[in-house]
Amino acid sequence: MKIRSRPSPNHGPRPAPGRIDLLVLHYTGMPTAAAALDRMCDAARRAWHAGRGFWAGATNINDRSVGIELANPGHEHGYRAFPEAQLTSLEQLCRAILARHPISPGRVLGHSDVAPERKQDPGELFPWPRLAQAGIGLWPDFTAPVTGPVGTDAVLAAQRDLARIGYDTRQSGRLDTTTTAVITAFQRHWRPGNCDGALDAETARHIAIRAKAAGASAI
Ligand SMILES: [Zn+2]
């Protein structure tokens with residue numbers, strides 16, 4: 001892979017001791033890659049990749065993460081599949097980053113995972129299972145049978161499991177705005193066939209299976 005360096009003035013120092021334990025994938029959401037590069041290098045703008053976010057109790061996502069921006073027009077400008085060459089380069093880049101930092105598979109995330117109410121990227125066309133096959137991120141066996149605790153309210157059970165996975169979820173027992181946004185973010189990553197924020201049976205099952213994997217892999 002050929003890497004071209006294009007330093008940006010928009011950065012800050014890592015707070016000591018500078019442990020990096022999250023990898024966050026984005027799309028640029030701009031019509032062209034050149035326009036996205038110009039914006040990220042524009043001294044008049046902030047280019048920190050994560051903004052306000054949350055994962056597994058942490059809110060300082062920029063301090064503890066590496067972010068990767070993938071050129072893609074995004075949902076606003078003509079969302080499209082990520083081409084093969086881009087994914088091959090991404091896999092190489094991720095492997096190099098994962099070799100340098102203690103980032104567990106369950107902490108390779110999309111921007112929408114850490115900011116469900118604000119962000120949609122990298123979106124439902126991003127091939128998470130393929131990356132997991134390449135050793136990057138977590139993709140549990142969603143065909144595994146799962147049995148929920150009998151008599152537990154489905155919404156409350158899903159909220160508990162989503163929090164266990166790492167999402168910023170209140171245990172309200174209701175499908176409030178935040179919960180619907182978190183379910184949509186979960187679907188974009190783990191059940192991309194239908195990202196409507198509804199807690200259908202398949203989504204509930206996927207949430208339970210993913211939560212089980214979270215318990216096993218020390219998020
Ligand atoms: Zn983003």
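Read the numbers this way: they start at 1 and go in the same order the structure lists the ligands and their atoms.
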Less than 4.5 Å apart, side chain to side chain, heavy atoms only: is that true for L125 and N72?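 Not touching, per the 4.5 Å side-chain cut-off.
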
State, with a plain yes or no, whether a side-chain heavy atom of D176 is found less than 4.5 Å away from one of T179. yes

Around the Zn ion (ligand 1), number of protein N/O/S atoms which are nearer than 2.8 Å: 3

Any link between V182 and F54 through a network of hydrophobic side chains (Ile, Leu, Val, Met, Phe, Trp, Tyr) touching at under 4.5 Å? no

Counting neighbours of CZ on R170 that are heavy atoms of other residues, nucleotides or ligands and sit closer than 6.0 Å, is the number greater than 12? no

Can you classify the ring geometry of Y167 versus W55 as parallel (below 30°), tilted (30 to 60°) or perpendicular (above 60°)?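 The arrangement is perpendicular - the two ring planes meet at more than 60°.
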
For A132 and W139 the tightest heavy-atom approach is CB-CB, 3.5 Å

